[in-house]
Structures are given as C-alpha cells and as structure tokens.
Amino acid sequence: MAPVDEQLFVLMSGVDYGDPHLYTVFERELRERLEEDRPLRVYLGVDPTASSLTLGHTVPLRKLRQFQEFGHHAIFLIGDYTALIGDPSDKNKLRPMLTPEEVKRNEATYFEQAAKFLDPGRTEVRHNSEWLADLKLLDVIRLTSKFTVAEMLRRETFRKRFEAGDAIFLHEFLYALMQGYDAYALACDVQIGGTEQLFNLMAGRKIQEDAGQRPHVPITLPILVGTDGKTKMSKSAGNYIGIDEPPEVQYGKVMSLPDEVLPEYFVLATNLDRALVASIIEGLRKGERNPMEEKKRLARTIVAECWGEEAARRAEAYFERTVQRKEVPEDAPTFPVRGTETLLEVIVAAGLAPSKREAKRLFQQRAVTVDGQVAEEGATAKPGSVVQVGKRRWLRLVEP
RNA sequence: GGAGGGAUGGCCGAGUGGCUAAUGGCAGCAGACUGUAAAUCUGCCGCGCGAAAGCGCUACGGGGGUUCGAAUCCUCCUCCCUCCA
C-alpha cells in the first residue's frame, strides 16, 4: 500500500471536526490504522431521502473513493431502515418519515448516480435493514441504556430546539443509535459523514466499544455551500448543481459561483490531485492565479467527473463562445414564424419568457436584441433573424 | 381532558380593518461595469388588457360569515406547536 504519510495527506484533506483538538486525535488514530498496512473497512451511509443527487452529496462519496483508490475496502450503506425515521442532524425541525415505498423508489436512482463517483465493482453495497429490522425491543432498550438524556440534549440541534420550546420526539434520539449500530454491524474501521453527523458517528464508537469492538475513526466533511455561496446546497433551496444536469448547465452554474468559494469547491467537490489543489488555493490567495481561469478549471473538472472529458470540453467551448465571445450558439433553438407575429408573442410562445408581463419587462430593460440590434416591443418577428434575450437565451426564427 | 400559540408570495420573515400585489432579507431576472454567468452599482421581480396613465383578475392553510371594504374581525374545518393534567 502507499506510504502512510501520502495516504494521510490525501485522506485528511478537507476533513473538519469543528475542533482542532479532535482533528489531532483522529488524525493520529487514522495513522495508527493505516500503519497496520491492511485494507481498512470504510463505510459511508446514505439515506435515500431524495431521488437525485447534487454536487453536495458527492463530497463524502469522493472521500470514500479516495480510500478506495488506496486499496481500502469501501462499503456503501443504503440507509433504507434509517430513512424511515429521518435523520434530525441537519435540521432544526422534525424530518418527515418516509414510507417504505418512497425509500425503494429513491434507492435505485440514488446508487446509480452515486456509482459515477465510486468504483462500483469494488464497492460492497449493504442495507441497514439487514440488521436493524431484526432488532428486538429488548435490544433497542439495551442500546438506549448506554446513553443519557443529558448527552442527547447537549447536542446542538436538540439543544436549540429544546430551548426554543420546539418538539423533540423520542424516535429522533434513536436515529443516532441506529446509525451507531450500523458501524458496529459493519465492524468498520472508518466512517465517513458530514460534520453535522459527528454526533452519530461518536455514538457508533461508543456502541462498538461497549460491544468489545475497536471504535472506528470518524472522518467528517464540511457541508458544501450552494451556488449562492451562502447556504447549504440543496434542491429545495434551489441553489444546487445536480449531477444529472446537462454539462452546459453545470458548467454555467459553476462559473456563477462567487470567487470566495473556489477553495472549498476545489477541496470538497473535485477529485483533483491534492497537491495541485493546495497550490491552486495558495495561488488564488496570493493573487498569482487568475480566478476566472481557475474557475474554468473547476467547472471543467466537475463536468468531466459527471459526464466525461469530452462533455467537459464541449461545455467549456460553449461557455467561451456564448458568454465570453458573445456568439450565437449554432444549436440555438429555432422557431417558425410567418412574419406577422410580434416579437413579444414569439418570445412567450417559444418559452424565452414565462409570461407576457415578464417579456414586456425584458423589452423595457432593453434585453431583447434582433441580429444584434436592441428591439422594441412592437417589432414583428421576421424569419431568418436571430433573437437574443438577456445573455443566455437565443432563438433562430425560421420560415414555417 | 383543559389552556394557549401558529399556518403569509420559490425560501426566510414583517404586517393585525382601507394608504397592502402585501416592509425587509435570500434566491431569480435585466442593464452597466468587468477578469467570469464573480464582485460592485442600478433597476425589475403574480397574471391579463393597454403605447402609457391606468383598468381588471387571482393571492396571505380550507369553507362560511360580518363590513361600503378583510391577510387583518367572527365562525367552523384541516394541519402544526407549546404548556397544564
């Protein structure tokens, strides 16, 4: 296996426990395991609560991949049983419990997409219903007896809700225990998760230890911010980059990220060589590297990791043509016109604007051009001309 | 079983009878600028008619009501939360 120092450099990259002391401790623990020079059992658990993944979901997947590339044994655990409860970790309110049918439906697409970021042939896929479904009430009670109420209430998410007078249901306490039990059932050496899950991972250590197992090394990663550069990337917030979105869309979304988040994106959302990543970040900080060039590299990398090199080249070329050189893309959608319709009608009919009111505003803002000339709202749509709305919407008018 | 609090536009969150298509923030869109679709600045940001002023329609969990007029008051219903027992 690769030298321990080399492994450690890569594996600890981006890792954050929210506490420098913990970092030292866990880094040492990981070093000890790596020195045993054997494939470690590394597990990542994912609850199939959503049917399609965002770039944010790929952060822990990439970490698992890194372990895999060093020859460690990767376990992808589908939390089909825990999903029924709902992880309270990242929420300040109760999470809805899913039905078994919903879980099943999400699960298939989930792994299919996750597999893009793993080496699927070398990944062991498990479900936690395999062991959790068989626990007897007595087993569960024994598990709960290892934890105290004070311990639970010290946890930030619960504490805040408790202090705010919000409801905390008993089953929410159980979530951490279930995830902890997974670690024990898998007899894992390492568990990967988001920083907000540290509590759950620590619960796992405790359960393993009580059962006479060596507690695993937690590897927690920060939450990836969304395209707004501020809040957590999520579908519902609309600030996401979906891994099944078209290459051009992904590329564009990356290019619209605020410059400040480039470092964290390079660390968390790419598989680029860690030494290179470090030098990029350093270069950006010192102003020796051009943010735009680096952002293009980031965009290219992310698209390539989702769709392949070829798609990344295409997306980049598209961006350079349309945005940087402001050319009309040759694949601009066409729209048949007789020459009697008004531009306004055509823009709405072609879907370049959601409503007439909105289209009217676009005209008022001088955002509509025909063959490069700013067009007025009353103009008629003539076949053979090219309409551009804003920076990224085009239409080629053709004979019907 | 009892008492009380809440449900507002994509999200967060003001508003407690007309001045409210509804403060503000975020997200989004446009223009300017630029090193990029970054940052910054400015404007827009329910739908329809109208060149425009303007007019109309729909909207504050759901139904019904009071009123010249309701997101705001009353009533019933649904869902959520808290406290006491």
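Residue numbering restarts at 1 for every chain, and letters A, B, ... go by the order of the sequence lines.
Rounded to whole Å, atom P of B/A27 lies 15 Å from atom CD1 of A/I241. Rounded to whole angstrom, the span from the CD atom of A/E358 across to the P atom of B/C47 amounts to 7 Å. When the C1' atom of B/U34 is taken as reference, atom NZ of A/K326 falls 9 Å away, rounded to whole Å. Spacing between atom CG of A/L298 and atom C1' of B/U36 amounts to 12 Å, rounded to whole angstrom units. Per the geometry, CG belonging to A/L362 stands 11 Å off C1' belonging to B/C45, to the nearest Å. Rounded to whole angstrom, the span from the CG atom of A/N290 across to the P atom of B/U34 amounts to 16 Å.
For B/G24 and B/C77, the C1' atoms lie 33 Å apart once the distance is rounded to whole Å. Separating the C1' atom of B/U23 from that of B/G9 is a span of 13 Å, rounded to the nearest Å. If you take atom P in B/A70 and the same atom in B/G56, they sit 15 Å apart, rounded to whole Å. Look at the P atom in both B/U78 and B/A59: the space between them is 23 Å, to the nearest Å. Nucleotides B/G48 and B/U42 place their P atoms 29 Å apart, quoted to the nearest Å. B/G18 and B/G13 have their P atoms separated by 24 Å, with the value rounded to a whole Å.
Backbone-only contact: A/D228 has heavy atoms under 4.0 Å from sugar-phosphate atoms and none from a base. Residue A/K391 is classed as a sugar-phosphate contact, given heavy-atom separations below 4.0 Å to backbone atoms only. Counting non-hydrogen atoms under 4.0 angstrom, A/G252 reaches a base of the nucleic acid. Base contact: A/R357 has a heavy atom under 4.0 Å from a base atom. Contact annotation for A/E377: no contact, since no heavy-atom pair falls under 4.0 Å across all strands. Within 4.0 Å (heavy atoms only), A/L257 reaches sugar-phosphate atoms of the nucleic acid but no base atom.
Remark: A/E209 does not engage A/K206 in a salt bridge, criterion side-chain N to carboxylate O under 4.0 Å. The pair A/E69-A/R274 fails the salt-bridge criterion, with no side-chain N (NZ, NE, NH1 or NH2) lying under 4.0 Å from an Asp/Glu carboxylate O.
The shortest distance between the side-chain N/O atoms of A/K296 and the OP1/OP2 oxygens of B/U36 is not below 4.0 Å. Listed pair A/R366 / B/C44 fails the phosphate criterion, with no side-chain N or O lying under 4.0 Å from OP1 or OP2. Side-chain nitrogen and oxygen atoms of A/S355 include at least one within less than 4.0 Å of the OP1 or OP2 phosphate oxygen of B/G48. Between A/R393 and B/A30 there is a side-chain N or O to OP1 or OP2 distance below 4.0 Å.
Contact annotation: side chain of A/Q365 to base of B/G31, donor-acceptor pair absent below 3.5 Å.
Under the ring-ring contact (aromatic ring centres under 6.0 Å, His included) criterion, the residue pairs touching residues 292-322 of chain A are A/Y251-A/F319, with sequence neighbours excluded.
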Fill in the blank from the handout: Read 5' to 3' with Watson-Crick or G-U pairs under 3.5 Å, [ ] for crossing pairs and | for partners on another strand, RNA chain B gives ((((((((.[[[..)..(.....]]].(((((.......))))).((((....))))...[[[[[..)....]]]]]))))))).
Exercise for the section: Go through A/K296 and A/Q324 one step at a time and tell me if the side chain to side chain donor-acceptor pair (under 3.5 Å) criterion holds. Expected result: CA-CA 12 Å; A/K296 284 172 81 172; A/Q324 299 195 300; 2.9 Å; yes
Practice task
Give the intermediate values and the outcome of side chain to side chain donor-acceptor pair (under 3.5 Å) for residues A/Q113 and A/H57.
Solution key: CA-CA 10 Å; A/Q113 294 182 43; A/H57 292 108; over 6 Å; no
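Note: A/E341 CD to A/L344 CG = 12.0 Å, rounded to the nearest 0.5 Å.
With contacts defined as side-chain heavy-atom distances shorter than 4.5 Å, the pair A/T231/A/V225 does not qualify.
Across B/A30, B/A39, B/G48, the shortest atom-to-atom separation from the side chain of A/K356 is found for B/G48.
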